[in-house]
Amino acid sequence: MTVELSIALGDRDIYKPLLTGDVEPEGIDATVLSEYPPKRHRRMFEHLAFDVCEVSLASYLSSRAHPEEYPFTAIPVFPNKRFRHSFFYKHADADVDEPADLEGEKVGVQSWQTTANVWVRGIAAEHHGLDLERVRWYRRREDDVPVELPDRFDIQPVPGAQEGDAVEQPKDLREMLFEGELAAAMDPAGSLFWDVAESERAEFVFDDPLAAEREYFRETGIHPPMHAIAIRDEVLDDYPWVAANVFDAFCEARDRCLERNTSPSAKASLTWAHLHLLEQRRILGEDAWEYGLTDRNRRGLAKFVEYAYDQGLIPREYDLAELFTESTAELTG
């Protein structure tokens, strides 16, 4: 039996073989497309536009409180993991030497539910003493999954008209940071990262973000997951074998990617790519990109669930088994 399914992903090397068709899930005639993450997430959460979709972990957790409105369930595949200390910025003239100094200040975020921001807020609170309830938060857009956030957080919209899609045009947040209207901002956009790196008006909150991220991993053993892979419940009900086959396909695509990356002649525009990879392996180990509910992944997921609950995004701290399809709960790869 062959099932026709649509699969929506980003454009990451870790699943590139799925995008090119070099890897195909067994028994599935897949139409695989790449789409900009915020648009992809929105189309899935608002319109159930795909059969299989790479989704934001924070929005997915929020959706679990209303399964009838969001009829899809994740498999334990985490194709996007990233440390986020280096996506935390401050205005150059702000009196901020450490995250705790942001109490009483204005801090911008894309949305309260942006997974990267959940991680940064949680880390700033737990490891650097920032009281999240004493910050004046400004968000550029509404959450993909509407949540009534606790009144203990002071969250306001970024003032002024938004031009087009606030996700794609982070103009206002950037200008507010660079002009000093915000003391700091948390934003996963690569464009803002480079703007800050090349500007004299903004700086990284952590003076040496790479060192901070490495130290965080040494302390916690957590390689923060950002996304998961969700499958429509109707597909899972009709074809329960799809979950395991999709899981296996992601494992194969990842393995091909990692094997390709070990070659010094890999087609990456990074002069020292092979040395960076060697250093990553020494620090993170060879299982940095493992899938399944392994001990390492459980550690990261449990911490994220804790942060999501503390920040008002979920009504309770979910058991990890509640979040993933039963058929893939024991799979590892």
Side-chain angles (χ1 to χ4, degrees), residues 6-12 14-15 33-67 69-84 87-88 108-123 137 139-147 149 155 165-168 170 173 186-190 192 222-233 246 250 291 297 300-315 318 320 322-325:
S6 59
I7 302 178
L9 306 171
D11 190 25
R12 300 179 59 79
I14 202 164
Y15 45 57
L33 62 147
S34 174
E35 188 162 86
Y36 180 59
K39 281 190 172 182
R40 181 183 70 241
H41 299 163
R42 185 180 305 161
R43 290 185 64 192
M44 188 63 175
F45 287 106
E46 292 186 1
H47 307 294
L48 202 65
F50 312 106
D51 297 310
V52 181
C53 186
E54 179 184 0
V55 296
S56 156
L57 186 57
S59 296
Y60 174 67
L61 286 184
S62 292
S63 76
R64 299 308 289 167
H66 306 284
E69 296 181 39
Y70 305 99
F72 44 79
T73 306
I75 60 175
V77 169
F78 314 105
N80 186 350
K81 293 183 178 182
R82 182 168 294 184
F83 299 98
R84 289 297 183 177
F87 293 82
F88 192 5
V109 296
Q110 280 288 358
S111 77
W112 193 253
Q113 207 173 73
T114 300
T115 299
N117 295 164
V118 176
W119 275 113
V120 177
R121 289 193 301 263
I123 290 169
W137 300 99
R139 64 177 178 183
R140 294 200 67 255
R141 65 181 179 92
E142 295 295 324
D143 297 327
D144 288 332
V145 175
V147 175
L149 297 171
I155 306 172
D165 190 328
V167 173
E168 292 188 345
L173 194 63
M186 303 172 178
D187 192 284
L192 186 54
I222 293 174
H223 186 193
M226 298 289 147
H227 295 168
I229 301 299
I231 304 176
R232 286 198 306 116
D233 289 339
V246 170
F250 272 94
Y291 295 153
N297 287 334
L301 290 166
K303 179 56 65 176
F304 190 77
V305 168
E306 176 187 327
Y307 286 167
Y309 175 70
D310 289 343
Q311 296 174 34
L313 288 168
I314 53 178
Y318 294 117
L320 298 185
E322 300 178 67
L323 303 176
F324 301 97
T325 59

J.: Using modelled atom types only, decide if a donor and an acceptor are shared between the side chain of T114 and the backbone of A116 within a distance under 3.5 Å.
T.: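 Flag not set: sc T114 to bb A116 has no pair under 3.5 Å.
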
J.: Does the cation-pi check pass for R84 over F87, that is, NZ or CZ under 6.0 Å from the six-membered ring centre and within 45° of its axis?
T.: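 Relative to the ring axis of F87, which defines the angle, R84 lies inside both limits.
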
J.: Do L33 and R40 come within less than 4.5 Å of each other through their side chains, counting heavy atoms only?
T.: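 No, side chains not in contact.
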
J.: Just verifying a value: how many Å separate D233 CG and T325 OG1, rounded to the nearest 0.5 Å?
T.: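 Rounded to the nearest 0.5 Å, the CG-OG1 separation comes out at 10.0 Å.
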
J.: Is the shortest side-chain heavy-atom distance between Y309 and Y318 below 4.5 Å?
T.: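 Y309 vs Y318: side chains apart.
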
J.: Is Y60 close to T73 at the side-chain level, that is, under 4.5 Å between some pair of heavy atoms?
T.: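 Touching, per the 4.5 Å side-chain cut-off.
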
J.: How long is the gap from CG on L301 to CD on E306, to the nearest 0.5 Å?
T.: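 Interatomic distance, L301 CG to E306 CD, rounded to 0.5 Å: 13.0 Å.
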
J.: As a test of understanding, state which of F304, F78, F83, W119 forms a ring-ring contact (aromatic ring centres under 6.0 Å, His included) with H223.
T.: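 That would be F83; it is the only one of F304, F78, F83, W119 passing the ring-ring contact (aromatic ring centres under 6.0 Å, His included) with H223.
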
J.: Does L61 reach the side chain of L313, with side-chain heavy atoms less than 4.5 Å apart?
T.: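 Of all side-chain heavy-atom pairs linking L313 with L61, none is under 4.5 Å.
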
J.: Do you know which two heavy atoms are closest between A230 and F72, and how far apart they sit?
T.: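 That would be CB-CD1, 3.8 Å.
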
J.: Checking P67 now: which residues fulfil side-chain contact (heavy atoms from CB on, under 4.5 Å) with it, not counting sequence neighbours?
T.: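 So P67 forms no side-chain contact (heavy atoms from CB on, under 4.5 Å) with any residue.
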
J.: Would you say that K81 contacts N297 through its side chain, given a criterion of any heavy-atom pair below 4.5 Å between the two side chains?
T.: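 A side-chain contact under 4.5 Å exists here.
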
J.: Could you tell me the separation between the CG atom of D11 and the CD atom of E54, rounded to the nearest 0.5 Å?
T.: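 Between atom CG of D11 and atom CD of E54 there are 10.5 Å.
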
J.: For W112 versus V109, what's the shortest heavy-atom pair and its separation?
T.: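 So the two residues come closest at N-CG2, 4.4 Å.
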
J.: Check whether any side-chain heavy atom of R121 sits under 4.5 Å from a side-chain heavy atom of Q311, and report yes or no.
T.: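 Yes, at least one pair of side-chain atoms sits under 4.5 Å.
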
J.: If we ignore hydrogens and angles and just use 3.5 Å, is the side chain of D51 paired with the main-chain N or O of S6 as donor and acceptor?
T.: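 Side chain of D51 to backbone of S6: a pair is present.
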
J.: Under a 4.0 Å N-O cut-off, is there an ion pair linking R43 with E35?
T.: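 Result for this pair is yes, salt bridge flagged.
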
J.: Taking atom CG of L149 and atom CG of D143, what is their separation to the nearest 0.5 Å?
T.: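 CG of D143 is found 6.0 Å from CG of L149.
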
J.: Specify the closest pair of heavy atoms between L48 and P71, including all atoms of both residues, with the distance to one decimal.
T.: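 Of all heavy-atom pairs spanning L48 and P71, the closest is CD2-CG, 3.8 Å.
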
J.: For F250, give me all partners under ring-ring contact (aromatic ring centres under 6.0 Å, His included), at least two apart in sequence or on another chain.
T.: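 Once residues adjacent in sequence are excluded, F250 has no partner under the ring-ring contact (aromatic ring centres under 6.0 Å, His included) criterion.
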
J.: Which heavy-atom pair separates T115 from P225 by the least distance, and what is that distance?
T.: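 Looks like CG2-O, 4.0 Å.
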
J.: For residues G300 and I222, report the shortest heavy-atom separation together with the two atoms involved.
T.: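 Looking at all heavy atoms of both residues, the closest pair is CA-CG2, 3.9 Å.
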
J.: Between P79 and I229, what is the shortest heavy-atom contact and its length?
T.: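 Scanning both residues completely, I find the closest heavy atoms to be CG-CD1, 4.1 Å.
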
J.: Under a 4.5 Å cut-off applied to non-hydrogen side-chain atoms, are S56 and Q113 in contact?
T.: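 No. Closest side-chain heavy atoms not under 4.5 Å.
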
J.: Quick one: NE2 on H227 to CZ on R12, what's the gap to the nearest 0.5 Å?
T.: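 Output value for this atom pair is 8.0 Å.
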
J.: Assess the residue pair N80 and I14 against the criterion (side-chain contact (heavy atoms from CB on, under 4.5 Å)); give the C-alpha distance rounded to whole Å, side-chain angles, the decisive distance to 0.1 Å, and a yes or no.
T.: CA-CA 9 Å; N80 186 350; I14 202 164; over 6 Å; no

J.: Does a donor on one side chain sit under 3.5 Å from an acceptor on the other, for S59 and S62?
T.: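 S62 and S59 do not have a side-chain donor-acceptor pair below 3.5 Å.
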
J.: Only counting residues at least two apart or in another chain, list the ones meeting side-chain contact (heavy atoms from CB on, under 4.5 Å) with P146.
T.: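 For P146 the side-chain contact (heavy atoms from CB on, under 4.5 Å) partners, ignoring immediate neighbours, are Y70.
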
J.: Quick check for you: to the nearest 0.5 Å, what is the distance between Q110 atom CD and L192 atom CG?
T.: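 Rounded to the nearest 0.5 Å, the CD-CG separation comes to 8.5 Å.
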
J.: Can I155 and R139 be said to form a side-chain contact (heavy atoms from CB on, under 4.5 Å), step by step?
T.: CA-CA 7 Å; I155 306 172; R139 64 177 178 183; 3.9 Å; yes

J.: I'd like to check R232 versus M44 (side-chain heavy atoms, cut-off strictly below 4.5 Å). Are they in contact?
T.: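 The answer is yes, as the side chains (C-beta and beyond) meet within the 4.5 Å cut-off.
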
J.: So L323 and V305, side-chain contact (heavy atoms from CB on, under 4.5 Å) or not? Walk me through it.
T.: CA-CA 10 Å; L323 303 176; V305 168; 4.2 Å; yes

